[in-house]
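Written below as C-alpha coordinates is the structure these notes are about.
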Protein chains: 2
Amino acid sequence: MKWNDLNDESCPMARAMGVVGDRWTLLILRDAMSGIRRFDQFQENLGITRHVLAERLKKLEALGLMRREPYQDRPVRYDYRLTRAGKEFAPVMLAMTDWAARNLPHDDPAPFRFVARDTGTEIEPALTDRLTGQELTYRSVRMVPANKVR
Amino acid sequence: MKWNDLNDESCPMARAMGVVGDRWTLLILRDAMSGIRRFDQFQENLGITRHVLAERLKKLEALGLMRREPYQDRPVRYDYRLTRAGKEFAPVMLAMTDWAARNLPHDDPAPFRFVARDTGTEIEPALTDRLTGQELTYRSVRMVPANKVR
DNA sequence: TTGACATGGTTCCAAAATAGAACTTATAGT
DNA sequence: ACTATAAGTTCTATTTTGGAACCATGTCAA
(Lines give C-alpha, C1' and ligand atoms only; values in the text may rest on other atoms or scores of the structure.)
Protein backbone atom coordinates (compact mmCIF):
# COMPACT_ATOMS: atom_id res chain seq x y z
CA MET A 1 0.00 0.00 0.00
CA LYS A 2 1.28 3.42 -0.91
CA TRP A 3 1.07 6.31 1.48
CA ASN A 4 -0.71 8.66 -0.90
CA ASP A 5 -3.36 6.14 -1.76
CA LEU A 6 -4.73 6.14 1.76
CA ASN A 7 -7.42 8.68 0.86
CA ASP A 8 -8.71 6.08 -1.49
CA GLU A 9 -9.07 3.23 0.96
CA SER A 10 -12.56 2.06 1.70
CA CYS A 11 -11.70 1.64 5.38
CA PRO A 12 -12.29 4.85 7.31
CA MET A 13 -9.49 3.98 9.76
CA ALA A 14 -7.07 3.83 6.86
CA ARG A 15 -8.23 7.23 5.68
CA ALA A 16 -7.87 8.51 9.25
CA MET A 17 -4.29 7.24 9.23
CA GLY A 18 -3.83 9.33 6.11
CA VAL A 19 -4.66 12.33 8.28
CA VAL A 20 -2.94 11.77 11.60
CA GLY A 21 -0.54 8.97 10.73
CA ASP A 22 2.49 11.16 10.31
CA ARG A 23 4.61 13.42 12.40
CA TRP A 24 3.16 16.76 13.38
CA THR A 25 -0.35 16.74 11.92
CA LEU A 26 -1.94 15.89 15.25
CA LEU A 27 -0.05 18.68 16.98
CA ILE A 28 -0.88 21.17 14.26
CA LEU A 29 -4.54 20.39 14.83
CA ARG A 30 -4.07 20.75 18.56
CA ASP A 31 -2.55 24.18 18.10
CA ALA A 32 -5.25 25.18 15.65
CA MET A 33 -7.86 24.25 18.23
CA SER A 34 -6.09 26.35 20.81
CA GLY A 35 -6.51 29.32 18.50
CA ILE A 36 -3.28 29.46 16.55
CA ARG A 37 -3.66 30.55 12.94
CA ARG A 38 -0.40 31.88 11.58
CA PHE A 39 2.41 30.04 9.91
CA ASP A 40 5.14 31.50 12.09
CA GLN A 41 3.20 30.82 15.27
CA PHE A 42 2.71 27.18 14.39
CA GLN A 43 6.35 26.92 13.47
CA GLU A 44 7.73 28.51 16.60
CA ASN A 45 5.31 26.84 18.94
CA LEU A 46 5.90 23.35 17.58
CA GLY A 47 9.55 23.48 16.63
CA ILE A 48 8.63 21.90 13.30
CA THR A 49 10.70 22.80 10.26
CA ARG A 50 9.11 25.36 7.95
CA HIS A 51 9.48 22.93 5.12
CA VAL A 52 7.36 20.22 6.71
CA LEU A 53 4.91 22.70 8.19
CA ALA A 54 4.14 24.09 4.75
CA GLU A 55 3.59 20.58 3.46
CA ARG A 56 1.31 19.61 6.33
CA LEU A 57 -0.80 22.73 5.97
CA LYS A 58 -1.24 21.99 2.29
CA LYS A 59 -2.25 18.46 3.13
CA LEU A 60 -4.76 19.60 5.74
CA GLU A 61 -6.18 22.04 3.26
CA ALA A 62 -6.44 19.37 0.58
CA LEU A 63 -8.20 17.05 3.01
CA GLY A 64 -10.62 19.79 3.97
CA LEU A 65 -9.68 20.21 7.63
CA MET A 66 -8.21 23.68 7.28
CA ARG A 67 -8.51 26.52 4.86
CA ARG A 68 -6.01 29.16 3.87
CA GLU A 69 -7.35 32.67 4.09
CA PRO A 70 -5.92 36.14 3.55
CA TYR A 71 -5.94 38.21 6.70
CA GLN A 72 -4.41 41.37 5.21
CA ASP A 73 -3.52 42.98 1.88
CA ARG A 74 -0.29 44.69 0.95
CA PRO A 75 1.49 42.46 1.32
CA VAL A 76 -1.19 39.82 1.16
CA ARG A 77 -0.68 37.41 3.99
CA TYR A 78 -2.50 34.16 4.63
CA ASP A 79 -3.36 32.26 7.77
CA TYR A 80 -4.89 28.87 8.39
CA ARG A 81 -8.22 28.17 10.06
CA LEU A 82 -10.16 25.06 10.88
CA THR A 83 -13.03 24.22 8.59
CA ARG A 84 -16.20 22.54 9.80
CA ALA A 85 -14.57 19.14 9.20
CA GLY A 86 -11.55 20.31 11.19
CA LYS A 87 -13.70 21.46 14.06
CA GLU A 88 -15.60 18.21 14.03
CA PHE A 89 -12.32 16.48 14.74
CA ALA A 90 -12.37 18.03 18.21
CA PRO A 91 -14.18 15.14 19.93
CA VAL A 92 -11.56 12.75 18.56
CA MET A 93 -8.83 14.96 20.01
CA LEU A 94 -10.65 15.07 23.31
CA ALA A 95 -11.05 11.31 23.46
CA MET A 96 -7.43 10.79 22.49
CA THR A 97 -6.13 13.32 25.00
CA ASP A 98 -8.15 11.71 27.76
CA TRP A 99 -6.85 8.28 26.78
CA ALA A 100 -3.24 9.45 26.66
CA ALA A 101 -3.49 11.24 30.00
CA ARG A 102 -4.79 8.04 31.59
CA ASN A 103 -2.69 5.46 29.81
CA LEU A 104 0.60 7.19 29.06
CA PRO A 105 1.20 8.85 32.38
CA HIS A 106 3.75 11.55 32.94
CA ASP A 107 5.22 13.26 35.96
CA ASP A 108 4.28 16.76 34.91
CA PRO A 109 0.69 17.89 34.50
CA ALA A 110 -0.77 18.54 31.06
CA PRO A 111 -0.12 22.07 29.77
CA PHE A 112 -3.83 22.59 29.04
CA ARG A 113 -7.24 21.37 30.06
CA PHE A 114 -10.63 21.14 28.49
CA VAL A 115 -13.47 22.93 30.21
CA ALA A 116 -17.14 23.40 29.39
CA ARG A 117 -17.59 26.71 27.62
CA ASP A 118 -20.68 27.66 29.59
CA THR A 119 -19.97 26.48 33.12
CA GLY A 120 -16.17 26.59 33.02
CA THR A 121 -15.96 23.27 34.82
CA GLU A 122 -13.51 20.64 33.75
CA ILE A 123 -14.81 18.00 31.41
CA GLU A 124 -14.86 14.25 31.80
CA PRO A 125 -15.33 12.76 28.35
CA ALA A 126 -17.12 9.49 27.70
CA LEU A 127 -18.09 8.01 24.38
CA THR A 128 -21.74 7.02 24.36
CA ASP A 129 -24.31 5.70 21.94
CA ARG A 130 -26.50 8.56 20.84
CA LEU A 131 -29.53 6.28 20.72
CA THR A 132 -29.31 4.30 23.95
CA GLY A 133 -27.04 6.59 25.93
CA GLN A 134 -24.91 3.59 26.87
CA GLU A 135 -21.19 4.02 27.24
CA LEU A 136 -19.16 2.55 24.40
CA THR A 137 -16.22 0.42 25.43
CA TYR A 138 -14.13 -2.35 23.97
CA ARG A 139 -16.45 -4.85 25.63
CA SER A 140 -19.76 -3.26 24.78
CA VAL A 141 -19.01 -2.93 21.08
CA ARG A 142 -18.28 -5.48 18.41
CA MET A 143 -16.54 -4.88 15.12
CA VAL A 144 -18.28 -6.86 12.40
CA PRO A 145 -17.45 -7.24 8.72
CA ALA A 146 -19.82 -5.09 6.72
CA ASN A 147 -21.14 -7.90 4.56
CA LYS A 148 -22.31 -9.83 7.61
CA VAL A 149 -24.48 -7.03 8.90
CA ARG A 150 -27.45 -7.63 6.70
CA MET B 1 11.78 17.88 19.14
CA LYS B 2 13.01 14.35 18.58
CA TRP B 3 10.67 11.55 17.70
CA ASN B 4 11.76 9.24 20.49
CA ASP B 5 11.35 11.93 23.11
CA LEU B 6 7.63 12.14 22.54
CA ASN B 7 6.92 9.75 25.42
CA ASP B 8 8.49 12.34 27.60
CA GLU B 9 6.37 15.30 26.58
CA SER B 10 4.09 16.76 29.19
CA CYS B 11 1.36 17.26 26.61
CA PRO B 12 -0.83 14.18 26.28
CA MET B 13 -1.52 14.95 22.62
CA ALA B 14 2.20 14.83 21.94
CA ARG B 15 2.41 11.45 23.68
CA ALA B 16 -0.59 10.31 21.63
CA MET B 17 1.30 11.32 18.51
CA GLY B 18 4.08 9.08 19.73
CA VAL B 19 1.57 6.22 19.50
CA VAL B 20 -0.43 6.81 16.32
CA GLY B 21 1.74 9.39 14.58
CA ASP B 22 3.45 6.98 12.27
CA ARG B 23 2.52 4.67 9.47
CA TRP B 24 0.71 1.49 10.35
CA THR B 25 0.24 1.69 14.11
CA LEU B 26 -3.38 2.78 13.80
CA LEU B 27 -4.15 -0.05 11.41
CA ILE B 28 -2.36 -2.59 13.57
CA LEU B 29 -4.61 -1.53 16.44
CA ARG B 30 -7.65 -1.77 14.19
CA ASP B 31 -6.74 -5.31 13.24
CA ALA B 32 -6.00 -6.23 16.84
CA MET B 33 -9.48 -5.02 17.79
CA SER B 34 -10.99 -7.12 15.05
CA GLY B 35 -9.40 -10.15 16.68
CA ILE B 36 -6.13 -10.58 14.85
CA ARG B 37 -3.26 -11.79 17.00
CA ARG B 38 -0.57 -13.40 14.91
CA PHE B 39 2.41 -11.84 13.24
CA ASP B 40 1.76 -13.39 9.86
CA GLN B 41 -1.91 -12.45 9.91
CA PHE B 42 -1.13 -8.82 10.61
CA GLN B 43 1.49 -8.87 7.94
CA GLU B 44 -0.65 -10.42 5.24
CA ASN B 45 -3.76 -8.48 6.11
CA LEU B 46 -2.04 -5.10 6.13
CA GLY B 47 0.57 -5.54 3.46
CA ILE B 48 3.12 -4.04 5.85
CA THR B 49 6.71 -5.23 5.60
CA ARG B 50 7.73 -7.77 8.23
CA HIS B 51 10.55 -5.46 9.18
CA VAL B 52 8.32 -2.54 10.13
CA LEU B 53 5.65 -4.77 11.64
CA ALA B 54 8.16 -6.24 14.06
CA GLU B 55 9.26 -2.76 15.03
CA ARG B 56 5.70 -1.52 15.56
CA LEU B 57 4.74 -4.48 17.68
CA LYS B 58 7.79 -3.88 19.85
CA LYS B 59 6.80 -0.26 20.19
CA LEU B 60 3.22 -1.12 21.10
CA GLU B 61 4.52 -3.56 23.66
CA ALA B 62 6.90 -0.99 25.11
CA LEU B 63 4.07 1.55 25.34
CA GLY B 64 1.86 -0.99 27.08
CA LEU B 65 -0.88 -1.30 24.46
CA MET B 66 -0.09 -4.87 23.48
CA ARG B 67 1.66 -7.79 25.05
CA ARG B 68 3.56 -10.64 23.47
CA GLU B 69 2.44 -14.02 24.67
CA PRO B 70 3.35 -17.63 23.84
CA TYR B 71 0.42 -19.55 22.42
CA GLN B 72 2.21 -22.90 21.96
CA ASP B 73 5.40 -24.75 22.90
CA ARG B 74 7.63 -26.78 20.63
CA PRO B 75 8.41 -24.64 18.83
CA VAL B 76 7.43 -21.79 21.10
CA ARG B 77 5.42 -19.27 19.12
CA TYR B 78 4.23 -15.87 20.23
CA ASP B 79 1.24 -13.77 19.36
CA TYR B 80 0.20 -10.24 20.25
CA ARG B 81 -2.83 -9.21 22.28
CA LEU B 82 -4.29 -5.96 23.45
CA THR B 83 -3.66 -5.02 27.03
CA ARG B 84 -6.14 -3.07 29.12
CA ALA B 85 -4.59 0.18 27.87
CA GLY B 86 -4.91 -1.11 24.32
CA LYS B 87 -8.55 -2.00 24.80
CA GLU B 88 -9.24 1.38 26.34
CA PHE B 89 -8.11 2.89 23.09
CA ALA B 90 -11.26 1.49 21.46
CA PRO B 91 -13.43 4.57 22.05
CA VAL B 92 -10.79 6.72 20.36
CA MET B 93 -10.85 4.39 17.38
CA LEU B 94 -14.63 4.54 17.32
CA ALA B 95 -14.69 8.31 17.43
CA MET B 96 -12.04 8.55 14.76
CA THR B 97 -13.74 6.03 12.49
CA ASP B 98 -17.01 7.89 12.81
CA TRP B 99 -15.28 11.17 12.04
CA ALA B 100 -13.49 9.75 9.01
CA ALA B 101 -16.63 8.12 7.64
CA ARG B 102 -18.43 11.46 7.84
CA ASN B 103 -15.67 13.82 6.80
CA LEU B 104 -13.50 11.83 4.41
CA PRO B 105 -16.20 10.27 2.29
CA HIS B 106 -15.61 7.42 -0.08
CA ASP B 107 -17.62 5.74 -2.78
CA ASP B 108 -17.42 2.28 -1.31
CA PRO B 109 -18.92 1.39 2.05
CA ALA B 110 -16.70 0.69 5.04
CA PRO B 111 -15.51 -2.91 5.28
CA PHE B 112 -16.74 -3.18 8.87
CA ARG B 113 -19.23 -1.70 11.25
CA PHE B 114 -19.54 -1.30 14.97
CA VAL B 115 -22.55 -2.81 16.66
CA ALA B 116 -23.68 -3.05 20.27
CA ARG B 117 -22.59 -6.40 21.66
CA ASP B 118 -25.88 -7.05 23.40
CA THR B 119 -28.51 -5.77 20.98
CA GLY B 120 -26.57 -6.16 17.76
CA THR B 121 -27.80 -2.78 16.55
CA GLU B 122 -25.48 -0.37 14.84
CA ILE B 123 -23.91 2.25 17.01
CA GLU B 124 -24.00 6.01 16.72
CA PRO B 125 -21.14 7.37 18.77
CA ALA B 126 -21.23 10.73 20.52
CA LEU B 127 -18.72 12.14 22.95
CA THR B 128 -20.43 13.38 26.09
CA ASP B 129 -19.50 14.78 29.45
CA ARG B 130 -19.84 12.05 32.02
CA LEU B 131 -21.08 14.52 34.61
CA THR B 132 -23.63 16.59 32.74
CA GLY B 133 -24.40 14.22 29.88
CA GLN B 134 -23.96 17.11 27.45
CA GLU B 135 -22.46 16.44 24.06
CA LEU B 136 -18.89 17.66 23.65
CA THR B 137 -18.19 19.62 20.50
CA TYR B 138 -15.70 22.18 19.30
CA ARG B 139 -18.09 24.90 20.39
CA SER B 140 -19.12 23.52 23.75
CA VAL B 141 -15.55 22.98 24.93
CA ARG B 142 -12.69 25.36 25.52
CA MET B 143 -9.04 24.51 25.66
CA VAL B 144 -7.40 26.50 28.43
CA PRO B 145 -3.76 26.67 29.54
CA ALA B 146 -3.38 24.60 32.68
CA ASN B 147 -2.00 27.43 34.80
CA LYS B 148 -5.09 29.55 34.17
CA VAL B 149 -7.50 26.96 35.48
CA ARG B 150 -7.16 27.73 39.15
C1' DT C 1 17.20 -39.12 8.16
C1' DT C 2 15.98 -36.19 4.99
C1' DG C 3 13.27 -32.88 2.92
C1' DA C 4 9.18 -29.90 2.80
C1' DC C 5 6.32 -26.92 5.67
C1' DA C 6 5.11 -23.57 9.33
C1' DT C 7 5.82 -19.20 11.62
C1' DG C 8 7.95 -15.49 14.05
C1' DG C 9 11.25 -13.01 13.19
C1' DT C 10 16.27 -10.51 11.20
C1' DT C 11 19.37 -8.50 7.59
C1' DC C 12 20.59 -5.77 3.81
C1' DC C 13 20.04 -2.23 0.28
C1' DA C 14 17.13 1.25 -2.11
C1' DA C 15 13.60 4.79 -1.83
C1' DA C 16 11.01 8.20 0.57
C1' DA C 17 10.18 11.34 4.42
C1' DT C 18 11.99 14.54 7.82
C1' DA C 19 15.50 17.75 10.01
C1' DG C 20 18.22 21.95 9.69
C1' DA C 21 19.60 25.99 7.90
C1' DA C 22 19.80 29.47 4.42
C1' DC C 23 17.44 31.95 0.89
C1' DT C 24 13.22 34.37 -1.52
C1' DT C 25 9.31 37.57 -2.17
C1' DA C 26 6.42 41.45 -1.25
C1' DT C 27 5.69 45.47 1.28
C1' DA C 28 5.81 48.91 5.26
C1' DG C 29 8.18 52.09 8.00
C1' DT C 30 12.11 55.17 8.88
C1' DA D 1 18.37 52.99 0.77
C1' DC D 2 18.03 50.10 4.83
C1' DT D 3 15.68 47.31 8.18
C1' DA D 4 11.87 44.61 9.68
C1' DT D 5 7.82 41.24 8.99
C1' DA D 6 6.00 37.05 7.63
C1' DA D 7 4.79 33.38 4.51
C1' DG D 8 6.85 30.48 2.12
C1' DT D 9 10.90 27.68 -1.00
C1' DT D 10 15.38 25.38 -1.79
C1' DC D 11 19.23 22.67 -0.68
C1' DT D 12 21.77 18.87 1.73
C1' DA D 13 22.18 15.41 5.54
C1' DT D 14 19.89 12.07 8.43
C1' DT D 15 16.19 8.95 9.63
C1' DT D 16 12.34 6.02 8.39
C1' DT D 17 10.13 2.95 5.47
C1' DG D 18 9.75 -0.43 1.48
C1' DG D 19 11.09 -4.80 -0.66
C1' DA D 20 13.08 -8.94 -0.87
C1' DA D 21 15.83 -12.55 0.83
C1' DC D 22 17.42 -15.08 4.65
C1' DC D 23 17.41 -17.36 9.54
C1' DA D 24 15.78 -20.27 13.69
C1' DT D 25 13.19 -23.75 15.59
C1' DG D 26 10.55 -27.15 15.38
C1' DT D 27 6.72 -30.70 13.07
C1' DC D 28 5.32 -34.14 10.00
C1' DA D 29 5.59 -37.43 6.06
C1' DA D 30 8.33 -40.33 3.04
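Both backbone and side-chain heavy atoms feed into the values below; hydrogens, waters and symmetry mates do not. Sequence lines set the chain letters: A, B, ... in the order given, protein chains first and strands last, and positions in each chain run from 1. Predicted, not measured: the structure shown is a model, and the values here were computed from it.
In terms of the salt bridge (charged side-chain N to carboxylate O under 4.0 Å, His left out) criterion, B/Asp8 has no residue partners (sequence neighbours excluded). For A/Glu44, the side chain to side chain contact (heavy atoms under 4.5 Å, CB included) test picks out no residue, with sequence neighbours left out. Not counting sequence neighbours, the partners of A/Arg56 by the salt bridge (charged side-chain N to carboxylate O under 4.0 Å, His left out) test are A/Asp22.
Using a 4.0 Å cut-off between a side-chain N of Lys or Arg and a carboxylate O of Asp or Glu, B/Arg130 and A/Glu135 qualify as a salt bridge.
The side chain of A/Tyr78 contributes no N or O atom lying less than 4.0 Å from OP1 or OP2 of C/dA26. Proximity of B/Arg68 to the phosphate of C/dG9: a side-chain N or O atom is located under 4.0 Å from OP1 or OP2. Within the 4.0 Å cut-off from OP1 or OP2 of C/dG8, not a single side-chain nitrogen or oxygen of B/Lys58 is found.
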Polar atom pairs between nucleotides 25-30 of chain D and protein, under 3.5 Å, N or O only, would you list them?
| from | atom 1 | to | atom 2 | distance (Å) |
| --- | --- | --- | --- | --- |
| D/dT25 | O2 | B/Arg77 | NH2 | 3.2 |

Under 3.5 Å between N/O atoms: give me all the protein pairs with nucleotides 11-18 of chain C, atom names plus distance.
| from | atom 1 | to | atom 2 | distance (Å) |
| --- | --- | --- | --- | --- |
| C/dT18 | OP1 | A/Arg56 | NH2 | 2.8 |
| C/dT18 | OP2 | A/Arg56 | NH1 | 3.3 |
| C/dT18 | OP2 | A/Arg56 | NH2 | 3.0 |

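With B/Trp99 contributing its side chain and A/Ala85 its backbone, the two residues share a donor-acceptor pair below 3.5 Å. In terms of modelled atom types and a separation under 3.5 Å, the side chain of B/Arg15 and the main chain of B/Ser10 share a donor-acceptor contact. Between the side chain of B/Lys87 and the backbone N or O of A/Arg139 there is no donor-acceptor pair closer than 3.5 Å.
B/Tyr80 comes within 4.0 angstrom of sugar-phosphate atoms only, judged by non-hydrogen atoms across all strands, and of no base. Residue contacts for B/Tyr71: at a heavy-atom cut-off of 4.0 Å it reaches the sugar-phosphate backbone alone, with no base atom in range.
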Which pairs would a plain distance check flag for residues 26-36 of chain A, meaning a side-chain donor or acceptor within less than 3.5 Å of a matching protein atom at least two apart in sequence or in another chain?
| from | atom 1 | to | atom 2 | distance (Å) |
| --- | --- | --- | --- | --- |
| A/Asp31 | OD1 | A/Asn45 | ND2 | 3.4 |
| A/Asp31 | OD2 | A/Asn45 | ND2 | 2.6 |
| A/Ser34 | OG | A/Asp31 | O | 2.9 |

